[in-house]
Amino acid sequence: MSNASDYEQPPENTEQTETIPIVDLEPPPALPLPPPPEDDWGPIPENTNVDASRFSFSPHGIIPVILGIFSLLLLMLCGFFGYQYFQSVQESENKMKSLNQWIESLQNKKENFLQVQKALDRNKEILEWLRNKNEYITEALQELNAKQGDRCGPSVSHWVQYRDHCYHQTVEMVSWLECSDLCVSLNATFLKTERSRLMSIMKVLAANHTWLGLSYKEEDNQWQWEDGSLPSPGLNLPQPSLDFHGNCVYANVHTVGTDNCTMSSSCMCEKPVGAKNSENC
């Protein structure tokens, strides 16, 4: 059994109360709160402790920058292609100008060619007329010589008159050095005349490879007639040189050439009209 004293009620009225000390307890560490939903995101308050201006990102601010960069690039591209187009146009204009000048040059050459062709045609007509005239004159001379043969001697002596002289191609064939003596024996002289008259004489006589009184003089390095005079350029003799040493000049119907003076050929003699013929004529 328990004692009644153990369950003794405390006195109801007591002046002292028991105080229980309060211990400051540290709250448990707070867990990080989950981020709010994206729909609840809002602008960062201005009075936040973090300097948010360095980390702010606004789409409305960068779009004009991007557009400005694209505009600058587009402007640069336009300038580049514009310059290329201008260069291309300039080169095309230069090429077109050169082409027009070339075409104009061709047209001028064509006109000049046509003018030359017309001049050649006219000259051809004149040459043909002169040829016919020459043939007519030759025939007339032959007829005249046949009628007036007695002025140069009998026709059997083969003397032919041309203007104020009589001409004869010898039948005897001798060297050039012997022609002078042969012509003297015919009361004539070794032929000395210029090309215009010579060619007409050769046509009248129909002479071939007959000596003329013209030879190469080595001491003077010149072509000279027997009297020492120089021939006219109209004879078209080759340029004198030592290669022609011992050469003399002969004539055909249409040409004048040179050959060794020792070659045997006929001689061309001449005398004034009315001179007496030798008995050897």
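All residue numbers in this chain count up from 1 along the given sequence. Since this is a predicted model, take the numbers as computed values, not measurements.
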Correct closest heavy-atom pair for Met268 and Leu212 would be CB-CD2, 4.2 Å
Derivation of the side chain to side chain contact (heavy atoms under 4.5 Å, CB included) call for His168 and Val160
CA-CA 6 Å; His168 173 67; Val160 174; over 6 Å; no
Report the distance from atom CD of Gln239 to atom CD of Gln222, rounding to the nearest 0.5 Å.
10.0 Å
Do Leu73 and Val65 belong to the same hydrophobic cluster, where Ile, Leu, Val, Met, Phe, Trp and Tyr are linked whenever their side-chain heavy atoms lie under 4.5 Å apart, directly or via other members?
yes
I would like to know whether Thr170 and Leu186 meet side chain to side chain contact (heavy atoms under 4.5 Å, CB included); could you show each step before the answer?
CA-CA 9 Å; Thr170 64; Leu186 299 175; 4.0 Å; yes
Taking C-beta and beyond as the side chain, do Asn236 and Val256 meet within less than 4.5 Å on heavy atoms?
no
Working to the nearest 0.5 Å, report the span between CG of Asp243 and NE2 of His245.
11.5 Å
Say you draw a straight line from OG of Ser265 to CD of Glu178; how long is it, rounded to the nearest 0.5 Å?
12.0 Å
Under 6.0 Å between ring centres, would you say that holds for Trp223 and Phe244?
yes
Atom OG1 in Thr255, atom CG in Leu235: separation rounded to 0.5 Å?
12.0 Å
Which atom pair, heavy atoms only, marks the closest approach of Ser175 to Thr262?
CB-O, 3.9 Å
Mark yes or no for whether Ser185, through its side chain, and Leu182, through its backbone, hold a donor-acceptor pair below 3.5 Å.
yes
Heavy-atom side-chain proximity of Glu218 to Leu242 below 4.5 angstrom
yes
So Tyr250 and His209, would you call those rings parallel, tilted or perpendicular, with 30° and 60° as cut-offs?
parallel
With a 4.5 Å heavy-atom cut-off, do Leu237 and Leu214 have their side chains touching?
yes
Value for CG (Leu191) from OG1 (Thr189), rounded to nearest 0.5 Å, stands at 7.5 Å
Are Val116 and Phe113 connected, step by step, through hydrophobic side chains (Ile, Leu, Val, Met, Phe, Trp, Tyr) whose heavy atoms are closer than 4.5 Å?
no
Taking every heavy atom of Gln169 against every heavy atom of Ser266, the minimum-distance pair comes out as NE2-OG, 2.9 Å
Report whether Tyr216 and Trp176 are members of the same hydrophobic cluster (ILVMFWY, side-chain heavy atoms less than 4.5 Å apart, transitive linking).
no
Is there a side chain to side chain contact (heavy atoms under 4.5 Å, CB included) between Asn100 and Glu104? Walk through the geometry before answering.
CA-CA 6 Å; Asn100 291 334; Glu104 185 177 356; over 6 Å; no
Val174 versus Cys267: any side-chain heavy-atom pair under 4.5 Å?
yes
Are Phe70 and Ile62 connected into the same hydrophobic cluster when the rule is that any two of I, L, V, M, F, W, Y join if their side-chain heavy atoms are below 4.5 Å apart?
yes
Side chains of Val273 and Cys166: closer than 4.5 Å at any heavy-atom pair?
yes
Kindly compute the distance separating CG (Leu130) from CG (Asn123), expressed to the nearest 0.5 Å.
10.0 Å
Would the pair Cys179 and Cys269 meet an SG-SG distance criterion of under 2.5 Å?
no
Does Glu125 come within less than 4.0 Å of Arg122, counting only side-chain N to carboxylate O?
no
Donor-acceptor contact present, side-chain Trp211 to main-chain Met263, <3.5 Å:
yes
Would you say the side chain of Ser105 lies within less than 4.5 Å of the side chain of Lys109, judging by non-hydrogen atoms?
yes
Answer yes or no: is there a donor N or O on one side and an acceptor on the other, between the side chain of Ser92 and the main chain of Ser88, under 3.5 Å?
yes
Ignoring hydrogens and angles, tell me if any N or O in the side chain of Glu270 forms a donor-acceptor pair with the backbone of Lys192 under 3.5 Å.
yes
Determine whether Ile103 and Leu106 fall in the same hydrophobic cluster, where Ile, Leu, Val, Met, Phe, Trp and Tyr are linked whenever their side-chain heavy atoms lie under 4.5 Å apart.
yes
